[in-house]
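Values below: every heavy atom of this structure, side chains too, minus hydrogens, waters and symmetry copies. Computed from a predicted model, the values in this text were never measured in an experiment. Each residue takes its place number in the sequence, starting with 1.
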Amino acid sequence: MTPSPNPARILADASAVLAEGDARGAELVLAKLWNAGPPPPPPAVHLLGLIRRAQGRIGDAELLMRQSIEADPRNADYRHNLGLLLQGAGFADHAAEAFEGALKLNPDLALARLHLARAYAALGRHVDAEREARLLVQMQATAAAWTTLGGALRHQGRIAEALEAFDRALALDPRSVNARHDRAVALDKAGRGDEADRIFAALHAEGVTAPELARNWASALIDLGRAGDAEARLAEAAARHPTDAVLQETLAKVRWMRGDEAGFARDFKAAVAAHPRDALLRLGCFDLLRRADRHGEAEALLREGLDVLPDEPTLLSALGVLRGEQDDIAEAVRLLERGHAARPDDLYIRESLVNALLRAGRAGDALAHIRVGRAATPDNGVWLAHEAVALRMTGDPGYARLYDFDRAIRVYDLPAPPGYVSVETFNEALAATLRRLHTLNAHPLDQSLRLGTQTAKSLLEVDDPALKAFFAQVDAALADYIAALPDDPSHPVYGRKPASRRARLAGCWSVRLKPGGYHVNHVHLSGWISSAYYVAVPPGVAGAPDRQGWLQFAAPRWPTPGMTAERFVEPRVGRLALFPSCFWHGTVPFREGEERLTIAFDAVPDARLG
């Protein structure tokens with residue numbers, strides 16, 4: 001008589017085999033439980049899920065893990081492992097839910113808290129990531145915990161605090177690759193690019209070849225004025241990781257901004273040709289070609305992909321976006337509706353469909369999608385911008401409440417800071433600083449400007465007396481602007497007004513437009529308050545009857561029936577315009593003069609101050 005299998009022993013043996021990296025062997029051991037007759041217990045179901053994860057069968061792994069959670073809903077480890085699976089698959093939002101569930105059951109599960117902080121960081125929820133990392137440091141002050149905290153602080157612009165956290169991590173583990181790498185990124189943000197370069201070079205010499213290292217090293221090199229070296233580092237990494245779409249995109253963008261308009265995407269296109277079924281890679285290459293106005297190449301790339309993957313929603317939707325930009329609105333809507341039906345949770349596809357519906361005059365249909373997008377990402381200004389267009393198209397009075405031009409657009413003619421005899425001399429000094437920082441040769445492909453350049457380095461990271469004087473002037477104007485906003489918690493813009501009446505700058509850059517240059521109409525997705533400060537203005541702009549070079553509001557990105565600009569701001573040297581980031585804004589092209597030199601920044605409510 002054959003003895004009954006011992007479930008505990010079988011589970012232990014299968015787990016040991018899996019720990020040795022033999023997923024197939026672990027499955028064969030575990031199969032004894034399935035062959036025994038009665039339904040296998042939850043630990044066996046969960047272990048099979050772990051085996052499927054090791055085999056790369058992510059869908060099967062998720063199904064099995066969820067079945068084990070349903071059978072044993074009080075098991076925190078099951079939820080944590082599900083979170084790891086989802087995090088590895090790129091679903092940070094669902095991973096965060098799983099980690100949150102694990103911590104509700106077991107608040108002392110340190111690994112779940114570490115991974116929850118990382119999931120929040122991937123979602124851009126850096127204040128939440130900081131909270132979880134600080135709790136983790138109190139539980140287990142490990143190098144990983146301090147490194148995670150440092151990352152959350154760095155993303156909030158709190159560079160000095162971030163560097164302190166990374167130093168604490170390295171005191172515990174001096175060889176930690178993550179801590180050293182992330183400290184180098186923070187050093188670059190602090191304007192200490194030479195130090196960052198040395199750390200990146202040391203990691204590279206030790207054999208660290210992660211794409212993130214190449215991208216961040218390239219950023220530091222560009223900040224140091226070494227764009228050629230940056231391109232070389234990125235090209236080397238792209239050859240090693242040809243299917244990394246973000247890496248390929250970064251390399252192509254650097255080549256473009258260095259003036260290689262003919263061959264900027266050559267490595268990217270070669271990678272797509274070598275991996276024809278990689279939809280993400282193809283989509284990234286398409287998007288760059290589209291932004292470079294290579295519409296014929298972009299469309300051919302998509303149609304080749306659809307020959308291989310005929311029902312791929314992202315490719316169908318991308319073709320819809322392209323057809324919309326070519327003014328075939330009916331075809332754009334048809335393709336985007338197909339893409340949305342196949343992938344209804346994809347907010348990018350939904351937003352592209354909204355844009356097409358508005359251009360087709362279907363404001364009511366667009367509003368239904370806009371409400372979903374706003375609920376999912378309430379601080380994303382693009383949904384508010386689309387809502388404004390839809391309300392305006394239908395004559396809804398809510399438009400005037402949302403786009404409250406009289407109260408929400410304010411102009412400050414800033415005086416000369418202390419130490420400067422006039423506004424003109426101050427802005428001449430500021431212009432000299434900015435011109436030194438405009439080291440690239442073409443506009444970024446993912447930004448709104450055309451026929452000009454943008455500084456690669458954030459102005460918040462530049463140690464310069466004129467810039468420091470500028471930021472002091474901005475601080476006072478921004479405080480006055482926020483204080484004057486209505487106290488209206490129900491308003492999507494005014495309702496974000498913090499009790500402290502303070503905000504922090506989340507990004508700052510300079511744009512130098514050439515004759516014929518302009519900004520296409522756009523919004524800033526993650527900002528709250530945006531700006532334009534005029535350092536140098538072409539002579540033909542002042543009082544121009546055709547408003548050339550002026551800032552304009554309320555016209556959407558693409559031609560939409562009846563949606564023209566409704567409000568304008570005339571540029572003057574020393575003038576600062578402040579307005580909500582969700583307002584459609586752009587510039588009228590200018591024809592006369594050598595340059596139009598500006599500074600722009602985004603401000604967000606400071607969570608630490610209210």
cation_pi(Arg567, Phe553) dist<6.0 Å, angle<=45: no
Exceeds 12 heavy-atom contacts within 6.0 angstrom, atom CZ of Phe91: no
Pairing of Glu312 and Arg343 as salt bridge, 4.0 angstrom limit: yes
Lys/Arg-Asp/Glu bridge criterion (N-O < 4.0 Å) met for Glu299, Arg290: no
Distance flag, aromatic centroids of His386 and His369, threshold under 6.0 Å: no
Test side-chain hydrogen bond (donor to acceptor under 3.5 Å, both in side chains) applied to Asp278 and Thr243, step by step: CA-CA 8 Å; Asp278 191 325; Thr243 61; 4.9 Å; no
Ionic contact status for Glu261 with Lys253, cut-off 4.0 Å: no
Asn216 vs His181 side-chain heavy atoms within contact, under 4.5 Å: yes
pair Pro73-Arg79: side-chain heavy atoms closer than 4.5 Å: yes
Among Val523, Ile370, Thr377, side chain to side chain contact (heavy atoms under 4.5 Å, CB included) partner for Val382: Val523
Proximity of Phe405 and Phe579 rings by center, below 6.0 Å: no
Any side-chain heavy-atom pair of Gln55 and Arg52 under 4.5 Å: yes
Arg240, CZ atom: more than 12 neighbouring heavy atoms under 6.0 Å: no
Residue pair Glu231 / Leu251: nearest heavy atoms and the distance that separates them: O-CD1, 3.8 Å
Salt bridge present between Arg359 and Asp327 (N-O < 4.0 angstrom): yes
Neighbour count above 12 (heavy atom, 6.0 Å) for Glu70 CD: no
Sub-6.0 Å ring centroid separation between His126 and Tyr120: no
Side-chain (Arg282) to main-chain (Leu301) donor-acceptor, under 3.5 angstrom: yes
Note: Asp328-Arg334 ion pair, threshold 4.0 Å (strictly below): no
Flag side-chain contact, heavy atom, 4.5 Å: Phe264 against Leu289: yes
Leu513 vs Val511, side-chain contact (heavy atoms from CB on, under 4.5 Å): CA-CA, chis, key distance, verdict: CA-CA 6 Å; Leu513 294 180; Val511 169; 3.8 Å; yes
Parallel, tilted or perpendicular: rings of Tyr399 and Tyr403 (30°, 60°): tilted
Minimum side-chain heavy-atom gap Arg215-Asp244 below 4.5 Å: yes
Residue from Arg557, His585, Gln552 passing side chain to side chain donor-acceptor pair (under 3.5 Å) with Asn521: Gln552
NZ/NE/NH1/NH2 to OD/OE distance under 4.0 Å, Arg303 and Asp307: no
Salt-bridge present (Glu297, Lys269; N to O < 4.0 Å): yes
Check ion pair Glu132-Arg113 (N to O, under 4.0 angstrom): yes
Salt bridge present between Asp487 and Lys497 (N-O < 4.0 angstrom): yes
